[in-house]
Amino acid sequence: MGYRSDVSFCLQVKEPEKFVALMKLHDDEVFKEFLDCMWLSEDDNVPLLHFHHGFWKWYDDSEKAFGNLMEMAEKYDPDFACRSARYGEEADDTQEEAFVYRDWE
């Protein structure tokens, strides 16, 4: 079965629908998995892209794809913001990050 993690992130970019369309052009299997688990919502009229997967095999290719996603978001919208969290099966295996380039908590 392999090691599994709970993985979540919330991404704020301008025109998120266009950003998702750009993600779909990426020829990366992990990006496709991101898209399968992604949805759009609004908080105080600010559109947010959410991702959550409760049983993900988060290996090197996933880590690399997430880094590529952050680079893509920064090129698309220099004022983007993202918060991410990954919780592994082991109690001490946690990772939380914030990429904030605007006034966003």
Chemist: Looking at every non-hydrogen atom in both residues, tell me the closest pair between Cys82 and Phe66 and how far apart they are.
Modeler: SG-CZ, 4.2 Å
Chemist: Listed by chain and number, what are the side-chain hydrogen bond (donor to acceptor under 3.5 Å, both in side chains) partners of His26, not counting sequence neighbours?
Modeler: none
Chemist: Working to the nearest 0.5 Å, report the span between CZ of Phe80 and CD of Gln12.
Modeler: 10.5 Å
Chemist: Evaluate the criterion side chain to side chain contact (heavy atoms under 4.5 Å, CB included) for residue pair Met38 and His50; output intermediate values, then yes/no.
Modeler: CA-CA 5 Å; Met38 197 174 281; His50 296 273; over 6 Å; no
Chemist: Excluding sequence neighbours, so at least two apart, what forms salt bridge (charged side-chain N to carboxylate O under 4.0 Å, His left out) with Lys64?
Modeler: none
Chemist: If I take atom CZ from residue Arg83 and atom OG from residue Ser8, how far apart are they, to the nearest 0.5 angstrom?
Modeler: 12.0 Å
Chemist: I'd like to check the side-chain hydrogen bond (donor to acceptor under 3.5 Å, both in side chains) partners of Thr94; sequence neighbours left out, ordered by chain and number.
Modeler: none
Chemist: By side-chain hydrogen bond (donor to acceptor under 3.5 Å, both in side chains), which residues pair with Glu63, not counting sequence neighbours?
Modeler: Trp58
Chemist: Can you confirm whether Pro47 sits close enough to Leu40 that some side-chain heavy atom of one is under 4.5 Å from a side-chain heavy atom of the other?
Modeler: yes
Chemist: Side chain to side chain contact (heavy atoms under 4.5 Å, CB included) with Lys24: which residues, sequence neighbours excluded?
Modeler: Val20, Leu35
Chemist: Between Leu69 and Phe9, is there a side-chain heavy-atom distance shorter than 4.5 Å?
Modeler: yes
Chemist: Is there a donor-acceptor pair closer than 3.5 Å between any side-chain N or O of Asp28 and the backbone N or O of Val30?
Modeler: yes
Chemist: Give a yes or no answer on whether the side chain of Asp6 reaches the backbone of Tyr87 with a donor-acceptor pair at less than 3.5 Å.
Modeler: no
Chemist: Using the test ring-ring contact (aromatic ring centres under 6.0 Å, His included), find all partners of Phe19 that sit at least two apart in sequence or belong to another chain.
Modeler: Tyr76
Chemist: Consider only side-chain heavy atoms of I, L, V, M, F, W and Y, link residues closer than 4.5 Å, and tell whether Leu25 and Phe31 are in one cluster.
Modeler: yes
Chemist: Is it true that atom CG of Asp60 has more than 12 heavy atoms of other residues, nucleotides or ligands lying nearer than 6.0 Å?
Modeler: no
Chemist: For Trp56 and Glu33, which heavy atoms make the closest approach, and how far apart are they?
Modeler: CH2-CB, 3.6 Å
Chemist: Return each pair, listed once, that meets salt bridge (charged side-chain N to carboxylate O under 4.0 Å, His left out) where at least one residue sits in residues 88-97; pairs must be two or more places apart or across chains.
Modeler: Arg86-Asp93
Chemist: I'd like to check the side-chain hydrogen bond (donor to acceptor under 3.5 Å, both in side chains) partners of Ser84; sequence neighbours left out, ordered by chain and number.
Modeler: none
Chemist: With sequence neighbours excluded, tell me which residues meet salt bridge (charged side-chain N to carboxylate O under 4.0 Å, His left out) with Glu29.
Modeler: Lys32
Chemist: Does any non-hydrogen side-chain atom of His53 lie less than 4.5 Å from one of Phe34?
Modeler: no
